[in-house]
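One structure is given here, and the rest of the page talks about it.
This structure is a prediction, so every number in the text was calculated from the model and none was measured.
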Amino acid sequence: MIWTIIAIVIGAIIIFITSPTSALVGWFLNKFTTHPKLDPNDITITFNGTHLEKEEKNRFSEYYNEAQYVKRNHIFPGTEKSFLYPETAVIPYVINIKSRKKEMNFFLYHYDDHVDVVKQWKKKVTSFSLSSKHLQNFTIAEKA
């Protein structure tokens, strides 16, 4: 009797490990995603020292969430500062995310054909490119 119960419990554990639920897989993948989805309630967006208002912030975060991930830009050790503060005339949008124990900063630099995003989390820096006409138009329209 006891061996039957142990076998059923071990079988259930093995089945769960070999085919986890989609919610568990989604949570695990979101932990390691490069282009995370933004929640407008957890972020503050600044451009040239001024904060975006609620409607603009919601629209900007919607455009960011809909943007297509293009590629990851490789950062070699020691060159993090050149990605965080590049020598360019483009003024970045700075997104500060605070939720629970997480605090991240995103710097968005817009160009004619793409948007470069530099993600800073603790001492780690990653960079990637996005493609979004709405986000590019939003940044160009707000800059002018």
Side-chain angles (χ1 to χ4, degrees), residues 5-144:
I5 295 173
I6 292 174
I8 291 173
V9 169
I10 290 174
I13 290 172
I14 289 174
I15 289 173
F16 184 73
I17 289 173
T18 58
S19 60
T21 61
S22 59
L24 181 64
V25 171
W27 173 81
F28 185 74
L29 291 177
N30 283 337
K31 289 299 226 181
F32 300 104
T33 187
T34 303
H35 177 214
K37 302 295 181 192
L38 299 178
D39 181 14
N41 299 326
D42 296 336
I43 63 173
T44 57
I45 303 174
T46 58
F47 178 72
N48 204 13
T50 59
H51 293 285
L52 267 65
E53 298 298 324
K54 184 171 180 89
E55 296 165 0
E56 292 174 329
K57 182 173 70 169
N58 289 341
R59 194 163 37 108
F60 189 87
S61 64
E62 180 181 331
Y63 292 157
Y64 179 84
N65 290 340
E66 292 174 357
Q68 296 294 318
Y69 178 85
V70 177
K71 68 174 183 169
R72 182 177 179 165
N73 303 321
H74 297 286
I75 299 177
F76 297 105
T79 61
E80 292 90 359
K81 294 285 185 187
S82 66
F83 279 88
L84 283 172
Y85 310 107
E87 295 180 12
T88 182
V90 177
I91 299 171
Y93 278 87
V94 180
I95 302 173
N96 186 6
I97 301 174
K98 289 186 181 178
S99 65
R100 298 186 205 123
K101 297 179 182 178
K102 270 199 296 192
E103 184 170 342
M104 284 189 247
N105 291 323
F106 289 87
F107 300 92
L108 276 73
Y109 297 93
H110 71 287
Y111 298 100
D112 293 336
D113 58 343
H114 68 283
V115 176
D116 279 340
V117 180
V118 180
K119 178 173 119 177
Q120 182 183 24
W121 180 60
K122 295 183 181 177
K123 294 183 180 181
K124 299 176 185 175
V125 177
T126 59
S127 176
F128 56 94
S129 296
L130 298 176
S131 175
S132 169
K133 291 294 181 190
H134 294 298
L135 195 59
Q136 290 165 344
N137 292 337
F138 186 88
T139 55
I140 293 170
E142 291 295 318
K143 180 184 171 197

Subject >> Closest non-hydrogen atom pair, F106 against I97 >> reply: CE1-CD1, 3.1 Å

Original post:
Step by step, would you call Y93 with L52 a side-chain contact (heavy atoms from CB on, under 4.5 Å)?
Top reply: CA-CA 10 Å; Y93 278 87; L52 267 65; 4.0 Å; yes

Original post:
From K122 NZ over to M104 CE, what is the distance, rounded to the nearest 0.5 angstrom?
Top reply: 10.5 Å

**OP:** Please identify each residue that fulfils side chain to side chain contact (heavy atoms under 4.5 Å, CB included) with E62, with sequence neighbours left out.
**Re:** E66

Subject >> N58: side chain to side chain contact (heavy atoms under 4.5 Å, CB included) partners, not counting sequence neighbours >> reply: P40, K54

Original post:
Can you name the ring pair (Phe, Tyr, Trp, His ring centres under 6.0 Å) partners of F16, sequence neighbours left out?
Top reply: none

**OP:** Quick one: pull up OH in Y109 and CD1 in I91 and give me the separation to the nearest 0.5 Å.
**Re:** 10.5 Å

**OP:** For Y63, check ring pair (Phe, Tyr, Trp, His ring centres under 6.0 Å) against everything at least two apart and list the hits.
**Re:** H134

**OP:** Return the minimal non-hydrogen interatomic distance between F128 and K119, and the atom names on each side.
**Re:** CE2-CB, 4.5 Å

Subject >> Interatomic spacing from NE2 in H51 to CG in N96 - rounded to 0.5 Å >> reply: 9.5 Å

**OP:** Find the distance between OG (S131) and OH (Y69) and round it off to the nearest 0.5 Å.
**Re:** 13.5 Å

**OP:** Just jot down the side chain to side chain contact (heavy atoms under 4.5 Å, CB included) partners of I10, sequence neighbours excluded, or say none.
**Re:** I6, I14

**OP:** Mind checking the OG1-NE2 spacing from T126 to H74? Nearest 0.5 Å is all I need.
**Re:** 12.0 Å

Original post:
What distance do N48 atom CG and T46 atom OG1 have between them, rounded to the nearest 0.5 Å?
Top reply: 9.0 Å

Original post:
Do K57 side-chain atoms and I43 backbone N/O form a donor-acceptor pair below 3.5 Å?
Top reply: yes

**OP:** Go through the steps to decide whether V125 and F107 satisfy the test side-chain contact (heavy atoms from CB on, under 4.5 Å), and finish with yes or no.
**Re:** CA-CA 11 Å; V125 177; F107 300 92; over 6 Å; no

**OP:** Could you list the residues that satisfy side chain to side chain donor-acceptor pair (under 3.5 Å) with S127, not counting sequence neighbours?
**Re:** N73

Subject >> Derivation of the side-chain contact (heavy atoms from CB on, under 4.5 Å) call for V117 and Y64 >> reply: CA-CA 10 Å; V117 180; Y64 179 84; 4.3 Å; yes

**OP:** List for me each residue that meets side chain to side chain contact (heavy atoms under 4.5 Å, CB included) alongside D39, sequence neighbours excluded, and say none if there are none.
**Re:** N41, D42

**OP:** Check step by step if side-chain contact (heavy atoms from CB on, under 4.5 Å) holds for Q68 and L130.
**Re:** CA-CA 6 Å; Q68 296 294 318; L130 298 176; over 6 Å; no

**OP:** Please tell me if the side chains of F60 and I95 come closer than 4.5 Å, counting only heavy atoms from C-beta onward.
**Re:** yes

Original post:
Judged by atom type as modelled, is there a donor-acceptor pair below 3.5 Å linking the side chain of S19 to the main-chain atoms of I15?
Top reply: yes

Subject >> Backbone of N65 reached by a side-chain donor or acceptor of K37 within 3.5 Å >> reply: yes

